[in-house]
2 protein chains.
Amino acid sequence: MPGQPSARGRRTTERKGDVRERAILDTCEALLAQKGYDAMTVGDVAQGAGITRGALYFYFGSKQEVVTALVARTVEHLWERSRATAQTDEPRQAIAAAMQRTVELWNEHGLVMRTAIDLSLTVPEIGELWKHTADLFVEAITRVLERAGIQAGTRPDQASAIAHALCWMIERTFYHASQESRENLQKASETCEHIWLISAGLIT
Amino acid sequence: MPGQPSARGRRTTERKGDVRERAILDTCEALLAQKGYDAMTVGDVAQGAGITRGALYFYFGSKQEVVTALVARTVEHLWERSRATAQTDEPRQAIAAAMQRTVELWNEHGLVMRTAIDLSLTVPEIGELWKHTADLFVEAITRVLERAGIQAGTRPDQASAIAHALCWMIERTFYHASQESRENLQKASETCEHIWLISAGLIT
DNA sequence: ATAAAAATCGACACTGTGTAGACTTTTCGC
DNA sequence: GCGAAAAGTCTACACAGTGTCGATTTTTAT
């Protein structure tokens, strides 16, 4: 059982197993879109990846582990992206940029993000992963609010508390909108941006 | 199979089955709290209700049907409650009252409400139930916003769109807070109220 | 070329679901 | 209070999917 997904990453020549592992994750993602988590069986994933169930269990210990790995792969991508984003000083610009980036994220990875949210409760590992991701967002929102003049602190009218609520608002709104259409996602984004701006005191 | 949960409600004498049905739902609720949906088995529920699996299937066709009935029972309660609530004219009061009621709702029924949200995706019946509940909330919020002077309409800065986002904000914030403690729930409520007030233009 | 490591397979044991038919208890009109 | 119909209950079974094991084949590196 390969412990870390990319533990073999530094190798020059790629092992056969690395290819398979990727194939498994890719198949899992496709099936998740097709039939959803519950209906998707380990046999399905194995078949899609061109191996038998028995062989799949060489790579992952369980169905949950497969999905956890998939979430980890996606979430890693999100972290990279958010690290790479330039920090703007002007709050209005920062908010617009953040929302734009979030739309792109959900357009690209909406399915896996929704799955992560759904399974956060039942798969502790995924819960951790998503919690960490949410924390990054909350921190970023908090910083912007503070820079916009909202007092720092955790009381209901202070930056940290407001940032939390805004983060959940964005998560849930995008969760639903991304299930429908890109248009809805864009519209939802504008609404969230508007509420964020108002909460920051940047518009009346 | 008893079609509607309360179809036998007008009877004077209560059938044995009515008692059992309630026992099943009560046990289900207790087990949901103890072990969660996935870990909870039909056998567990039957045992808790003092019957065998076979007998339980006389009442409900599946595990999902049991939980759906439980959600229906709870949600019916919510609807009653929201119908019974007096409508205030003054927006500030209306908002405070609504948030207070919501806190009570989540304190009393948080577990089932969280379950409903979690299963909305996988159990279409529950999805419908919850969607309808959310719609009631969105409508109520929309009315308050409009009365506070926010322009009616579905554009990002108009009442309906804002109400949607606020509804999701409240749902998600309460979902998380109700898992932790009553104190957190109360605090979360105050934060949401603050954002609602700001969005309504009632405070700066 | 070869031995160790990596990968694969098929068979098995187990758990939980839902169904079927026989059996028992309750209800209610008389 | 009697007896048939309705309501409720049970045990046994068939079936799906999960995860494990040991034997076997393929790949990799020397």
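Every chain is numbered from 1, with letters handed out A, B, ... down the list of sequences. None of these values were measured; they are calculated from a predicted model.
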Practice task
State the syn/anti category of D:dA16 according to its glycosidic angle, syn meaning within 90° of 0.
Solution key: syn
Problem - Strand partner of D:dA16, provided both Watson-Crick or wobble distances fall under 3.5 Å - result: none
Exercise for the section: Check the distance between C:dG18's C1' and B:L56's CG and give it to me in whole angstrom. Expected result: 11 Å
Fill in the blank from the handout: Testing C:dC9, D:dG8, D:dT18 for proximity to the side chain of B:R20, the answer is D:dG8
Exercise for the section: Please report, rounded to the nearest Å, how far the P atom of D:dT18 is from the CD atom of A:Q64. Expected result: 11 Å
Exercise for the section: Find the distance A:F58:CZ to D:dC21:P and express it as a whole number of Å. Expected result: 15 Å
Fill in the blank from the handout: Among D:dA29, C:dG18, D:dT9, the one nearest any side-chain atom of A:R15 is D:dA29
Problem - Spacing between A:Q47 atom CD and C:dT8 atom P, to the nearest angstrom - result: 16 Å
Problem - Presence of salt bridge, B:E29 and B:R73, under 4.0 angstrom - result: yes
Problem - Partner of B:V112 by side chain to side chain contact (heavy atoms under 4.5 Å, CB included), out of B:T74, B:L32, B:V67, B:V75 - result: B:T74
Problem - Under 3.5 Å donor-acceptor pair, A:R53 side-chain atoms to D:dG17 base atoms - result: no
Handout entry: Between P of D:dG17 and CE of A:M40, the distance in whole Å
Key = 13 Å
Exercise for the section: Using distance alone, with no hydrogens and no angle criterion, decide if A:W130 and A:E171 have a side-chain donor and acceptor under 3.5 Å apart. Expected result: yes
Handout entry: Short N-O contact, B:R22 and B:D18, less than 4.0 angstrom
Key = no
Completion exercise
Of the listed C:dA6, D:dG19, C:dG18, the closest approach to the A:S62 side chain comes from D:dG19
Exercise for the section: Determine, for A:E108 against A:R81, whether the closest basic-nitrogen to carboxylate-oxygen distance falls under 4.0 angstrom. Expected result: yes
Problem - C:dT15 pairs with, by Watson-Crick or G-U criteria that keep both distances under 3.5 Å - result: none
Exercise for the section: Please check the phosphate of C:dT8 (OP1 and OP2 only) for any side-chain N or O of A:Y59 closer than 4.0 Å. Expected result: yes
Handout entry: D:dT9 phosphate, OP1 or OP2, under 4.0 Å from B:T52 side-chain N/O
Key = no
Practice task
Would you mind telling me which of C:dT17, C:dA7, D:dT18 lies closest to the side-chain atoms of B:T41?
Solution key: C:dT17
Problem - B:K63 NZ - C:dG18 C1' separation (whole Å) - result: 13 Å
Practice task
Calculate the interatomic distance between B:Y57 atom OH and D:dA7 atom C1'; express it in whole Å.
Solution key: 20 Å
Exercise for the section: In whole angstrom, give the distance that lies between atom CG of A:D18 and atom C1' of D:dT27. Expected result: 13 Å
